[in-house]
Amino acid sequence: MLTRALPITVPSRANFVTALVMAGAGGLLVCAFAPFFAWWLTFLCPLALYVFIQNLPRRDAFVLGYIFGLFFFGFGVSWTYNSIHEFGHAPVLLSALLVGLLVLTLSLFPALTAALYSMCCRERTFDVTGAVAFSTLWVLLEWVRGWIFTGFPWLLIGHAHHSSLLSNILPVFGSLGASWLTLVISSLAAVLVAGAARQRFISAAFVVLVAAGLYIAGQVTWTHPQQESLNVALIQGNIPQEMKWNREQQRHILGKYWRLSKDNQDADIIIWPETAIPAYYDSVKDSYIVELEKISRAGDVDFLIGLFTQDSDSGEIYNSVMTLGSERSVYSKRHLVPFGEYIPLRSIASFLADYIVLPMADMSSGTGRPLVRLKGHYAGASICYEAVYGNEVIDALPEAKFLINVSNDAWFGDSFAPHQHLEIARSRAIETGRYLLRATSTGISAVIDPGGVIVERSNQFREEVVRATIRPYTGLTPYAYWGDSAIIAILSGIFLIIGLHRRSLLRSEKR
């Protein structure tokens with residue numbers, strides 16, 4: 001019964017109270033992330049789930065984990081409704097259905113964490129092994145969430161720690177490593193309160209070791225700045241989504257970006273957002289691009305612009321960024337957004353195109369590494385959603401001396417998403433030890449330093465230009481070298497050891 005999760009005798013309505021606590025903990029966890037930044041909730045909210053699933057059968061643990069997930073993701077990714085209904089113009093019921101299916105699916109991950117914990121550690125109430133098992137299961141499933149069905153690694157626990165002491169682990173083991181340490185510390189807090197004396201001692205020793213390790217990691221300089229400095233300008237045109245694909249507005253849009261760029265041609269590098277030019281390269285190469293190259297020559301400035309490119313032989317369309325100026329280079333988006341940029345399982349799901357306005361839903365994935373050239377330096381490029389995939393961002397290293405993320409966050413409207421997206425970008429800067437330049441159409445555009453600190457940023461829904469001076473960086477962080485593979489190998493080994501230990505205990509009991 002669910003009441004076994006509570007250490008005291010409780011009335012029969014405790015099941016409802018327990019469910020309410022899980023709903024509250026899941027919903028409150030959203031406040032750990034931007035725009036609220038209450039990162040300490042990443043310790044408190046998962047702790048509530050860990051405490052309440054102690055001694056529960058796996059079915060009851062699954063239910064509590066599922067309730068936790070429903071409220072966590074229900075509030076945390078509510079912005080997807082804006083994209084589908086407000087800007088995709090899908091009917092209310094269809095929009096609610098699609099968002100509901102997404103939330104129901106994502107909620108399976110904390111539910112499976114709780115159920116698997118119950119299966120392997122049900123008899124280990126508030127001990128170190130159980131705390132480590134719970135934390136390891138959570139993070140392994142965060143990793144699975146990052147790649148299954150093309151992946152959705154949004155709202156990872158580690159993303160909230162760009163400004164806490166745990167940020168020191170990001171250059172070593174990335175966001176998943178920060179997630180694991182957060183959850184271990186959180187779970188061990190319960191052991192310190194309710195565990196046996198020996199377990200409390202081991203927990204305290206482990207927390208002290210972690211704190212010492214984080215301090216030491218913070219003293220290490222993984223990457224190094226070059227002497228050269230670059231003056232950058234990020235152009236935020238503030239083009240509303242409903243205007244972007246209106247052909248009658250194309251002249252106005254192109255004129256705005258041209259004007260803002262001409263006013264900032266004293267910069268070394270000018271960066272435009274994703275698909276700032278709402279047209280194919282071939283349709284503007286002999287007119288508009290020529291005018292931009294005049295600005296480039298007059299100001300000795302390099303451009304990175306977002307636009308669509310098309311393969312003349314196959315006819316395939318790409319969401320691309322292109323550099324103009326001292327060198328011409330192109331990168332085309334590799335990780336496309338399902339239903340936004342392509343229709344998965346087209347034979348089954350193509351009917352959605354009749355109900356959702358998808359301006360460019362027939363794009364192809366690019367190939368090659370995400371590298372472009374600006375002012376004689378390689379830069380690592382990511383387009384919109386690609387910034388959430390740490391393993392893909394590091395594909396540009398070690399050549400890339402700084403990172404660029406361009407996005408059209410107008411799709412998200414006035415929601416949590418632009419703030420959460422910027423927060424994820426801050427984690428990428430820390431993981432790679434490089435500046436990250438983020439240019440978006442409606443905000444939030446920002447220059448982020450290698451420590452994850454926002455140097456300059458724009459306001460949302462305003463026409464602005466973000467100016468800053470950056471320096472190219474060399475060297476590799478451990479995470480840039482091994483990506484997620486190291487932490488996943490370690491956690492898999494930990495879970496294997498826990499499984500073998502449990503098996504040996506079961507054999508001893510049978511004897």
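Given the structure is predicted, the values throughout are model-derived calculations rather than measurements.
For the side-chain hydrogen bond (donor to acceptor under 3.5 Å, both in side chains) criterion with Ser445, the lone passing option out of Thr440, Asn405, Asn459, Asp409 is Thr440. Here the rule is ring pair (Phe, Tyr, Trp, His ring centres under 6.0 Å) with Trp79, and of Trp154, Phe416, Phe73 only Trp154 fits it.
Annotation: Lys256, atom NZ; neighbour count of heavy atoms from other residues, nucleotides and ligands within 6.0 Å is above 12. Within 6.0 Å of the OH atom in Tyr389, the count of heavy atoms belonging to other residues, nucleotides or ligands exceeds 12.
The line from CD1 of Ile269 to CG of Leu230 is 4.5 Å long, rounded to the nearest 0.5 Å. Thr182 OG1 to Leu166 CG: the interatomic distance, rounded to the nearest 0.5 Å, is 4.5 Å. Between the OG atom in Ser427 and the NE2 atom in His162 there is a gap of 6.0 Å [rounded to 0.5 Å]. Rounded to the nearest 0.5 Å, atoms CZ (Arg334) and OG1 (Thr367) are 9.0 Å apart. Between the CD1 atom in Ile270 and the OG1 atom in Thr323 there is a gap of 13.5 Å [rounded to 0.5 Å]. With rounding to the nearest 0.5 angstrom, the CG atom of Leu371 is 5.5 Å from the CD atom of Glu399.
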Any chance you could lay out the side-chain contact (heavy atoms from CB on, under 4.5 Å) test for Trp272 and Ile277, step after step, and finish with the verdict?
-> CA-CA 9 Å; Trp272 290 8; Ile277 299 177; 3.8 Å; yes
In sequence, state the C-alpha distance, the side-chain angles, and the governing distance for Leu156 and Arg145, and then conclude on side-chain contact (heavy atoms from CB on, under 4.5 Å).
-> CA-CA 10 Å; Leu156 302 185; Arg145 177 159 63 88; 3.6 Å; yes
Do Trp180 and Glu142 pass the side-chain contact (heavy atoms from CB on, under 4.5 Å) test, and can you show the C-alpha distance, the side-chain angles, and the key distance before you say yes or no?
-> CA-CA 10 Å; Trp180 188 76; Glu142 274 194 342; over 6 Å; no
Hey, mind stepping through Glu431 and Arg428 against salt bridge (charged side-chain N to carboxylate O under 4.0 Å, His left out) and telling me if it holds?
-> CA-CA 5 Å; Glu431 288 169 353; Arg428 298 292 91 90; 2.8 Å; yes
Stepwise salt bridge (charged side-chain N to carboxylate O under 4.0 Å, His left out) test for Arg259 and Glu463 = CA-CA 12 Å; Arg259 172 178 55 81; Glu463 178 186 302; 3.2 Å; yes
Quick one: do Asp449 and Arg471 satisfy salt bridge (charged side-chain N to carboxylate O under 4.0 Å, His left out)? Show the steps, please.
-> CA-CA 9 Å; Asp449 77 8; Arg471 295 174 71 181; over 6 Å; no
Does the side-chain contact (heavy atoms from CB on, under 4.5 Å) test come out yes or no for Val393 and Glu386, once each step is laid out?
-> CA-CA 8 Å; Val393 169; Glu386 290 183 315; over 6 Å; no
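Gln265 contributes no side-chain N or O that, together with a main-chain N or O of Ser261, makes up a donor-acceptor pair within less than 3.5 Å. Side-chain N or O atoms of Ser329 include one that pairs as donor or acceptor with a backbone N or O of Arg373 at under 3.5 Å. Remark: the backbone N or O of Asp484 is paired with a side-chain donor or acceptor of Asn391 at under 3.5 angstrom. Using modelled atom types, one side-chain atom of Arg426 and one backbone atom of Gly452 make a donor-acceptor pair closer than 3.5 Å. The backbone N or O of Lys375 lies less than 3.5 Å from a partner atom in the side chain of Asp302, making a donor-acceptor pair. Of the possible donor and acceptor atoms, none in the side chain of Ser441 sits under 3.5 Å from a partner among the backbone N and O of Ile239. Counting only distance, with no hydrogens or angles, the side chain of Asp268 and the backbone of Asn231 share a donor-acceptor pair below 3.5 Å. In this structure, Lys244 contributes its side chain and Thr275 its backbone to a donor-acceptor pair below 3.5 Å. Put simply, the side chain of Thr136 never gets that close to the backbone of Ala133: no donor and acceptor are under 3.5 Å apart. The main-chain N or O of Phe109 is found under 3.5 Å from a side-chain atom of Thr113 such that the two form a donor-acceptor pair.
By the 30° and 60° cut-offs, the orientation of the rings of Tyr50 relative to Tyr117 is perpendicular. Aromatic ring pairs are classed by plane angle as parallel below 30°, tilted from 30° to 60° and perpendicular above 60°; the pair Phe68 and Phe72 is tilted.
With contacts defined as side-chain heavy-atom distances shorter than 4.5 Å, the pair Phe152/Val77 qualifies. In this structure, Leu104 and Leu70 have side chains that are in contact, with non-hydrogen atoms separated by less than 4.5 Å. Taking the side chain as every heavy atom from C-beta outward, Pro398 and Thr474 never approach each other to under 4.5 Å.
Checking Gln460 against His419 by side-chain atom types alone, a donor-acceptor pair falls below 3.5 Å. Side chains of Gln310 and Asp282: a donor-acceptor N/O pair is absent below 3.5 angstrom, by distance only.
For Tyr281, the side-chain contact (heavy atoms from CB on, under 4.5 Å) partners two or more places apart in sequence, or in a different chain, are Lys285, Ile289, Leu307, Thr309, Met322, Arg328.
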Which atom pairs, one a donor and one an acceptor, fall under 3.5 Å between side chains of residues 29-45 and the rest of the protein, sequence neighbours left out?
{"unit_1": "Thr42", "atom_1": "OG1", "unit_2": "Trp39", "atom_2": "O", "d": "2.6"}
{"unit_1": "Thr42", "atom_1": "OG1", "unit_2": "His161", "atom_2": "NE2", "d": "2.9"}

